[in-house]
Participant: 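Sharing a structure below in structure tokens format, with a few things to ask.
Counting starts at 1 for both ligands and their atoms, following the listed order.
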Amino acid sequence: MPEPLLITVAPTGAESAKADVPQLPTTLEELVATAVECEAAGASMIHVHIRDGEHQPTLDGQRLKDTVAALRESTDLVVQLSTGGSVHDPLDLRLRVLDAEPDSCSLTMGTTNFGDDVFSNPWPFICELYQQTQDRGVVPEFELFDLGHVASLERLLGKYGLPYGGKVHVDFVMGVPGGMPGTAAALVAGVAALPAEVTSWSATGIGRTTLPVMLASLAQGGHLRVGMEDVLTMAKGVPVESNRQLVERAVEAGRVAQREPMDGAGARALLGLTPA
Ligand code: KMH
Ligand code: ZN
């Protein structure tokens with residue numbers, strides 16, 4: 001039997017403006033409503049960036065705690081908070097995301113050019129964040145924007161051992177201007193280079209690379225991340241109306257590959273989390 005498909009939804013991100021994309025979920029109510037409908041459509045994990053009252057990206061501690069609580073109250077999704085934040089967030093605030101006690105957090109394995117900006121992830125920050133996840137019982141998802149990040153992951157695991165829960169889940173974030181391209185060839189190279197400790201991987205392609213990366217991931221037995229953090233059009237000139245649409249498309253593509261969406265219990269087992 002083909003392995004069930006983990007679908008992670010990344011509904012908001014830190015890059016798009018509400019004024020440009022009014023359908024982007026930026027309030028807590030919109031985020032929870034999105035989470036509920038994406039779970040019903042087949043997602044089992046949510047990668048969360050939050051916004052403030054002016055719809056700007058924030059890492060406010062109380063808002064993060066309220067968000068985790070609200071998502072747990074309304075869904076069985078694995079709640080993954082972004083520790084990447086926006087390119088403007090300082091490293092100390094990014095570490096404090098763990099105070100909100102999510103199930104999981106993103107952990108990017110290196111600095112990368114990010115469009116015209118720099119997404120900063122110096123090695124000492126990576127080590128500090130990783131050790132805090134181990135101490136606090138948070139399961140990291142290792143974000144790989146480049147092939148060099150794969151090598152850094154091997155270095156990290158060699159130095160500090162396995163994550164909390166014992167599983168190693170990574171996500172290839174491809175097609176960022178400055179990172180690896182969103183192509184099947186790049187994904188094949190990345191998967192081939194993964195350290196032996198990796199137990200599962202997913203992939204997402206930014207913008208127009210979303211479909212090639214989705215199809216390449218399914219072809220290689222990987223999992224999927226989709227959402228308006230990563231893409232805002234269904235096709236050239238056709239705006240995404242909701243995150244649910246993107247999850248539905250991932251479910252459809254998965255079914256073509258004979259992969260049924262994983263439920264929350266399956267996702268928790270895959271990631272080494274205790275049952276909800
Ligand atoms: N917003 C990007 C600068 C993450 O969530 O950990 C970083 C990002 C990765 O989205
Ligand atoms: Zn993110």
Participant: Need the atom name: nearest N/O/S atom of H49 to the Zn ion (ligand 2).
Facilitator: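 Output for this pair reads NE2.
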Participant: I need the atoms of ligand 1 closer than 4.0 Å to a non-hydrogen atom of S106, numbered in the order shown.
Facilitator: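 Near S106, the atoms of ligand 1 are 4 (C), 5 (O), 6 (O).
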Participant: If the cut-off is 4.0 Å to any non-hydrogen atom of V87, which atoms of ligand 1 fall inside it?
Facilitator: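 Per the distance check, 3 (C).
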Participant: What's the OE2-the Zn ion (ligand 2)-NE2 angle here (E229, H47), rounded to 10 degrees?
Facilitator: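 My answer is 120°, to the nearest 10°.
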Participant: Quick one: does P57 get within less than 4.0 Å of ligand 1, heavy atoms only?
Facilitator: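 Flag not set, P57 not near ligand 1.
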Participant: Going by the order shown, which atoms of ligand 1 are within less than 4.0 Å of some heavy atom of E15?
Facilitator: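 Reading through ligand 1 atom by atom, the close ones are 1 (N), 2 (C), 3 (C).
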Participant: If you have a sec, work out which protein heavy atom is nearest atom 7 (C) of ligand 1 and how many Å separate them, to one decimal?
Facilitator: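 Result for atom 7 (C) of ligand 1: F119 CZ, 3.4 Å.
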Participant: Hey, is ligand 1 close enough to F114 that some N/O pair sits below 3.5 Å?
Facilitator: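 Checking ligand 1 against F114, no N or O pair falls under 3.5 Å apart.
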Participant: Testing the 3.5 Å rule here: is there a donor-acceptor pair between the side chains of H223 and S202?
Facilitator: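 The answer is no; no qualifying pair exists.
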Participant: Show the atoms of ligand 1 that are less than 4.0 angstrom away from any heavy atom in G84.
Facilitator: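 So the answer, numbered in order with elements, is 4 (C), 6 (O).
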Participant: State, without any angle test, whether E143 and T108 hold a side-chain donor-acceptor pair at a distance under 3.5 Å.
Facilitator: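 No donor-acceptor contact under 3.5 Å links the two side chains.
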Participant: Among side-chain atoms of Q131 and D135, is any donor-acceptor pair under 3.5 angstrom?
Facilitator: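 Side-chain D/A pair, Q131 to D135: absent.
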Participant: Just to be sure I'm reading this right: ignoring hydrogens, which of S82, G85, C105, A10 gets closest to atom 1 (N) of ligand 1? Compare them by their nearest heavy atoms.
Facilitator: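 Residue with the shortest heavy-atom distance to the ligand atom: G85.
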Participant: Please identify each residue that fulfils side-chain contact (heavy atoms from CB on, under 4.5 Å) with D89, with sequence neighbours left out.
Facilitator: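 Only L59, S86, R94 meet the side-chain contact (heavy atoms from CB on, under 4.5 Å) criterion with D89.
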Participant: Please list every donor-acceptor pair under 3.5 Å in which a side-chain atom of residues 261-276 meets a protein atom from a residue at least two apart or in another chain.
Facilitator:
residue	atom	partner	partner atom	Å
D263	OD1	A265	N	3.3
D263	OD1	G266	N	2.8
R268	NE	T274	O	2.8
R268	NH2	T274	O	3.3

Participant: For a side-chain hydrogen bond (donor to acceptor under 3.5 Å, both in side chains) with R225, tell me which candidate from T8, D230, T210 qualifies.
Facilitator: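 For R225, the side-chain hydrogen bond (donor to acceptor under 3.5 Å, both in side chains) check succeeds only for D230.
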Participant: Based purely on interatomic distance, does E229 place a nitrogen or oxygen under 3.5 Å from a nitrogen or oxygen of ligand 1?
Facilitator: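 Yes; the residue has a nitrogen or oxygen that sits under 3.5 Å from a nitrogen or oxygen of the ligand.
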Participant: Check whether the ring centres of F142 and F172 lie less than 6.0 Å apart, and answer yes or no.
Facilitator: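 Between F172 and F142, which both carry aromatic rings, the centre distance is not below 6.0 Å.
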Participant: Take L144 and D171 through the test side chain to side chain contact (heavy atoms under 4.5 Å, CB included) and record every step on the way to the result.
Facilitator: CA-CA 6 Å; L144 309 177; D171 180 46; over 6 Å; no
